[in-house]
There are 4 protein chains.
Amino acid sequence: MTDSQRSSRAATAAAKRRRLTAAAAQVLHHKGVERTAIADIAQAAGVPVGNVYYYFKTKDELVEAALTEHTATLDTLTAELDRLPDPRARLRGLVTAWVTQRETAARYGCPIGTLAVEVDKRDPGGLDESVARAVRRLLDWAAQQFRELGTDDPDGHALTLVAGYQGMSLLANALRDPEVMTREGERLLAWIDAC
Amino acid sequence: MTDSQRSSRAATAAAKRRRLTAAAAQVLHHKGVERTAIADIAQAAGVPVGNVYYYFKTKDELVEAALTEHTATLDTLTAELDRLPDPRARLRGLVTAWVTQRETAARYGCPIGTLAVEVDKRDPGGLDESVARAVRRLLDWAAQQFRELGTDDPDGHALTLVAGYQGMSLLANALRDPEVMTREGERLLAWIDAC
Amino acid sequence: MTDSQRSSRAATAAAKRRRLTAAAAQVLHHKGVERTAIADIAQAAGVPVGNVYYYFKTKDELVEAALTEHTATLDTLTAELDRLPDPRARLRGLVTAWVTQRETAARYGCPIGTLAVEVDKRDPGGLDESVARAVRRLLDWAAQQFRELGTDDPDGHALTLVAGYQGMSLLANALRDPEVMTREGERLLAWIDAC
Amino acid sequence: MTDSQRSSRAATAAAKRRRLTAAAAQVLHHKGVERTAIADIAQAAGVPVGNVYYYFKTKDELVEAALTEHTATLDTLTAELDRLPDPRARLRGLVTAWVTQRETAARYGCPIGTLAVEVDKRDPGGLDESVARAVRRLLDWAAQQFRELGTDDPDGHALTLVAGYQGMSLLANALRDPEVMTREGERLLAWIDAC
DNA sequence: AATGAATGAGTTTTCATTCAT
DNA sequence: CATGAATGAAAACTCATTCAT
């Protein structure tokens, strides 16, 4: 086997893994963990069912991959916001991004929040920690902004911000009303300005 | 058949239904809708599996009963709070009750909130409406207090309050940390005082 | 207990039995034996489920009652036809009656014929004999007409006639086409005339 | 994977599907649709129950496969008869084949006819159409023979022939008497000769 | 006889995971 | 690594029949 064949295969394999991860993130968000069969993810990724297990040994690993994927999406967003000079502007940018996603939130809820709820009901495993990690990543970033802003108790403020987001996403979803995102989003913006 | 016999049997049947409803509320909250088998609820209620279907035709009906049960619990609480003369005291009482439940919230989340998330992933049915109704009941009560308090936009304030509760419950659960309830609960109390 | 009470109860009981029999005949014809639950028949008869078993010890007995009911309906018809002086006219009247029922036949098939098919698949019991008896009743009446007509092999002719009826009912039902009844009915009339 | 391996496995899979189809055709004919459990078919085919669903997504699909199988059997017969030069001889051959099957007919009825009756009682689905198609296949072949014979109204004659077959099968089954097939078969032969 | 409730065996269907090639 | 096929353990739901009153 030549090096190029090997690396091409590796590339294919990596691509497949990426496709599976992306499919898992999307399908698990839309259908929920328990209602999603491995076959659903395989199909969405265009991968034969039996092959999935060469990339993910269990369904839980796919859930974890989805969690990681959503975290990565979040990282991309915060990385972009980090280019703004003003921490307040960054926080506002985050809230604005949430509001922009209002239709999705009203239909499917926050990807990480709903996964958190579903994972909590699954038998104890490393997933709880993965969820906590995903949540903490967001909390930490927000706390850093509040810190740079000179706010007292930046962790508390971060908690309030993220709780506000999770709460409004859950209510928007439960009431199937994207306007909840708009209203609460504006309140959060005003709150940030007042910090 | 005498009246007393009839009513005694009716009482037994009604009692069984109540036992099943209570069991459903508890087990579904703890294990989640998808992870709970009808047999789990039957066992918790001390009823043979086959007999459950005499009282509830489908699993969804049990979920609905659980939702109703949680709403009733909430109603009991708000009814008690309604005896307080001051709307602000009532709102504070609600928040205090939430904080008191912090261990449960950290372990299992808010019963209605987590059911809302899980139900959203189940195939469309009357359950979405049941969830929305349960959520709206809480929103309406809160809005009424804000109205009596003379706050502008009572509905908006109610939304903020309930979103705050759902958000803090979800985070407490995701982080397995009851302290989240305490901290955010205090913030909500201060916010109510400032309204 | 007075005599009138006793007889009134007896009357009620008899009436209930009749209602159950009629309901069984209708529901079993429309929904089929296996798809019909005892509860369906009870409901159609306006009788509480538990009570059915005081009149019919098993589901099979209800099927038998339905069979008897359909036979009785047939008897009523043939008794009426028997008032006609001409055996040929009687046979023609029978065929005409079948054609008149074409919509029902196209939708549900012949009551006795479909019951015969379904009963054949049920575990061996007296029902096979009940079915045979119902079928023979019709065969015998037809044979008698052919005999009076002076036809040779009246039994064979009866067989042909009834087979024709069962065949056209089955095809009308399978094709959901009442016209099958009309066309084959006319052929049978011509055949009778030629006998 | 080599081509031969692939085809060998494909052959095995196809063979299993064929075994399941054959088993379905036989067992459903003998025990009836409602009295046959998937497990019965699985056992008859020597396939584990869970595996059946890899080949047939629902019980209805198995029924449809059985219907197709019976149609195929019929096609084999008519294809053979098509080698006869005379359309009359072909029709006679068909009737003779029916009579040859008299013991089976007396015990279980016509496979397609009894399936037609049972399917009619099942909830609406594509099965009605499958039944109609199976019946029409036979009607069409018969009509073609009558057409070649120069008979007027070949469709009507086909209907008469097939109705005759269904009727005599049903009666033979209901009376558990294969002689019905013999007698009516002879009559049909004479009728064909007279056409 | 009357009746709501109880029972428990049976049936279809789903799916995570494993295996043979 | 690839892949179609296999497996077996649930799980929801149905229902004839029985029972307690």
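Quantities reported herein were computed from a predicted structural model and do not represent experimental measurements. Residue numbers begin at 1 in each chain, while the letters A, B, ... track the order of the sequences.
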>> Using the side-chain heavy atoms of Ala37(C), tell me which of these nucleotides is nearest: dA5(F), dT12(E), dC15(F).
In response: dC15(F)
>> Both distances below 3.5 Å, Watson-Crick or wobble geometry, any strand: find the nucleotide opposite dT13(E).
In response: dA10(F)
> To the side chain of Lys59(A), which of dT13(E), dT17(E), dA2(F) is closest?
Replying inline: dT17(E)
>> Looking at Tyr55(C), I'd like to know whether one of its side-chain N or O atoms comes within less than 4.0 Å of OP1 or OP2 on dA1(E).
In response: no
>> How many whole angstroms separate atom CD of Gln43(A) from atom C1' of dG4(F)?
In response: 15 Å
> Out of Leu62(B), Ile41(B), Val63(B), which residue meets the side-chain contact (heavy atoms from CB on, under 4.5 Å) rule with Thr36(B)?
Replying inline: Ile41(B)
> NZ of Lys31(A) versus C1' of dC15(E): gap in Å, rounded?
Replying inline: 12 Å
> Ile38(C) CD1 to dG4(E) C1': how many Å, rounded?
Replying inline: 17 Å
> Within this structure, what is the CZ-to-C1' distance between Arg35(A) and dC15(E), rounded to whole angstrom?
Replying inline: 13 Å
> Which of the following nucleotides, dA6(E), dC13(F), dT3(E), is nearest to the side chain of Pro48(C)?
Replying inline: dT3(E)
> Is NZ or CZ of Arg17(D) both nearer than 6.0 Å to the six-membered ring centre of Phe56(D) and within 45° of the ring axis?
Replying inline: yes
> Rounded to whole angstroms, how far apart are CZ on Phe56(B) and P on dT14(F)?
Replying inline: 15 Å
>> Could you tell me how far apart Glu34(A) (CD) and dA10(F) (P) are, to the nearest whole angstrom?
In response: 15 Å
> Taking atom P of dC15(F) as reference, at what distance in whole Å does atom CG of Asp60(C) sit?
Replying inline: 16 Å
> When the distance from CD of Glu61(C) to C1' of dT17(F) is rounded to whole Å, what number comes out?
Replying inline: 13 Å
> Can you tell me the Watson-Crick or wobble partner of dT21(F), both distances under 3.5 angstrom?
Replying inline: dA2(E)
>> Regarding Asp128(A) and Arg122(A), does a basic nitrogen lie under 4.0 Å from an acidic carboxylate oxygen?
In response: no
>> With rounding to the closest Å, how many angstrom separate the C1' atoms on dT21(F) and dA1(E)?
In response: 13 Å
> Do any side-chain nitrogens or oxygens of Lys16(A) fall under 4.0 Å of OP1 or OP2 in dT3(F)?
Replying inline: yes
> Quick one: CD on Gln26(D) to CD on Glu69(D), what's the gap to the nearest 0.5 Å?
Replying inline: 10.5 Å
> Hey, which of these two, Thr36(B) or Val49(D), hits DNA chain F nearer its 5' end, going by closest nucleotide?
Replying inline: Val49(D)
> Can you tell which of dT17(E), dT17(F), dA6(F) lies closest to the side chain of Asn51(D)?
Replying inline: dA6(F)
> Does Tyr108(B) offer a backbone N or O that forms a donor-acceptor pair with the side chain of Lys121(A) under 3.5 Å?
Replying inline: yes
> Where each residue is assigned the nucleotide of DNA chain F containing its nearest heavy atom, which of Lys57(B) and Tyr53(C) is assigned the position nearer the 5′ end?
Replying inline: Lys57(B)
> Donor-acceptor pair under 3.5 Å: do we get one between Tyr54(B)'s side chain and the base of dA6(E)?
Replying inline: no
